[in-house]
Amino acid sequence: QLYLTESGGGSVQAGGSLRLSCTASGRTRPSLPMAWFRQAPGKEREFVAGINWSDRTSYLDAVRGRFTISRGVADAVHLQMNNLTPEDTAVYYCNAAGYYSDYTSNPGDYWGGGTQVTVSS
């Protein structure tokens, strides 16, 4: 089993920053593909950022240049979110073992429970 846990969400004003973290536990492996997805109320879940086996990163066009995904210690993955806008308001979910690229984003079978990000104007 693989377990994912998100943290770091909260409420900020437009232009502010947040840093999300995802911790993987259980049956992990080095350089496991990891990603962040988000879902706003009444909208479909969408891919935000991913990092593959070779640490190549990919991003949703709307967040490119503002968000950065990176690996941390102990199999953690982080999402630095800068210059946030109200359109970034959503529940953010960590995902593992999927396929992520600039062209196609197919989530894996492992999800965290989500962390709320709220951006006010």
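As the structure is a prediction and not an experimental result, all values here were calculated from the model.
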Colleague: In the single-linkage hydrophobic clustering (I, L, V, M, F, W, Y; side-chain heavy atoms under 4.5 Å), do Tyr110 and Ile69 co-cluster?
Modeller: yes
Colleague: Quick one, Leu2 with Leu32, criterion side-chain contact (heavy atoms from CB on, under 4.5 Å). Give me CA distance, side-chain angles, the key distance, then yes/no.
Modeller: CA-CA 11 Å; Leu2 181 65; Leu32 183 70; 3.7 Å; yes
Colleague: Does a donor on one side chain sit under 3.5 Å from an acceptor on the other, for Asp102 and Ser58?
Modeller: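 Short answer, no.
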Colleague: One pair to check against side-chain contact (heavy atoms from CB on, under 4.5 Å): Asp55 and Arg71. What are the steps and the verdict?
Modeller: CA-CA 8 Å; Asp55 288 344; Arg71 297 189 189 276; 2.6 Å; yes
Colleague: Between the side chain of Thr115 and the main-chain N/O of Ser7, is any donor-acceptor distance below 3.5 Å?
Modeller: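 Checked: no pair found.
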Colleague: Examine distances only and state if a side-chain atom of Thr28 and a backbone atom of Ser25 form a donor-acceptor pair shorter than 3.5 Å.
Modeller: no
Colleague: Say whether Trp111 and Ile51 are linked into one hydrophobic cluster, either directly or through other cluster members, by side-chain heavy-atom distances under 4.5 angstrom.
Modeller: no
Colleague: Using only atom types and a distance under 3.5 Å, with no angle test, would you say the side chain of Asn95 pairs donor to acceptor with the backbone of Trp36?
Modeller: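 The answer is no, because no donor-acceptor pair under 3.5 Å joins these two groups.
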Colleague: List the steps, then state whether side-chain contact (heavy atoms from CB on, under 4.5 Å) holds for Met34 with Asp75.
Modeller: CA-CA 10 Å; Met34 303 284 288; Asp75 298 323; over 6 Å; no
Colleague: For the backbone of Gly114 and the side chain of Glu6, can you confirm whether one donor and one acceptor N or O come within less than 3.5 Å of each other?
Modeller: yes
Colleague: For the atom pair CG (Asn83) and OG (Ser17), what is the distance rounded to the nearest 0.5 Å?
Modeller: 7.5 Å
Colleague: Would one find more than 12 heavy atoms of other residues, nucleotides or ligands at under 6.0 Å from atom CZ of Arg64?
Modeller: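 Above 12, so yes.
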Colleague: Are more than 12 heavy atoms from other residues, nucleotides or ligands located less than 6.0 Å from atom CZ of Arg19?
Modeller: yes
Colleague: Is there side-chain contact between Leu18 and Asn82, with at least one heavy-atom pair below 4.5 Å?
Modeller: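 SC-SC contact between Leu18 and Asn82 ruled out.
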Colleague: Decide yes or no for Ser105 and Tyr99: does some side-chain heavy atom of the first lie under 4.5 Å from some side-chain heavy atom of the second?
Modeller: no
Colleague: Looking only at non-hydrogen atoms, find the nearest pair between Tyr93 and Gly112 and report the distance.
Modeller: CD2-O, 3.6 Å
Colleague: If you take the centroid of each ring, where Trp contributes its six-membered ring, are Phe37 and Phe47 closer together than 6.0 Å?
Modeller: yes
Colleague: When you group the ILVMFWY residues by side-chain heavy-atom contacts below 4.5 Å and let the links chain together, are Tyr3 and Val77 in the same group?
Modeller: no
Colleague: Salt bridge (charged side-chain N to carboxylate O under 4.0 Å, His left out) for Asp88 and Arg38? Distances and angles first, verdict last.
Modeller: CA-CA 9 Å; Asp88 296 316; Arg38 68 186 182 187; 3.0 Å; yes
Colleague: What's the verdict on side-chain contact (heavy atoms from CB on, under 4.5 Å) for Val48 and Tyr92, showing C-alpha distance, side-chain angles and the deciding distance?
Modeller: CA-CA 9 Å; Val48 177; Tyr92 284 70; 4.3 Å; yes
Colleague: State whether a side-chain donor-acceptor pair under 3.5 Å links Asn106 with Tyr100.
Modeller: no
Colleague: Flag yes if Phe67 and Val12 sit in one hydrophobic cluster, no otherwise; membership is Ile, Leu, Val, Met, Phe, Trp, Tyr, and two members link when side-chain heavy atoms are under 4.5 Å apart.
Modeller: yes
Colleague: Nearest heavy-atom pair of Ser121 and Ala14: which atoms, and what distance?
Modeller: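 Looking at all heavy atoms of both residues, the shortest contact is CA-CB, 4.3 Å.
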Colleague: Side-chain contact, heavy-atom cut-off 4.5 Å: Leu84 with Gln13?
Modeller: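 Side-chain contact under 4.5 Å: no.
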Colleague: Less than 4.5 Å apart, side chain to side chain, heavy atoms only: is that true for Thr23 and Leu4?
Modeller: no
Colleague: With no hydrogens and no angle check, just 3.5 Å: does a side-chain donor-acceptor pair link His78 and Ser70?
Modeller: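 His78 vs Ser70: no donor-acceptor pair found between side chains.
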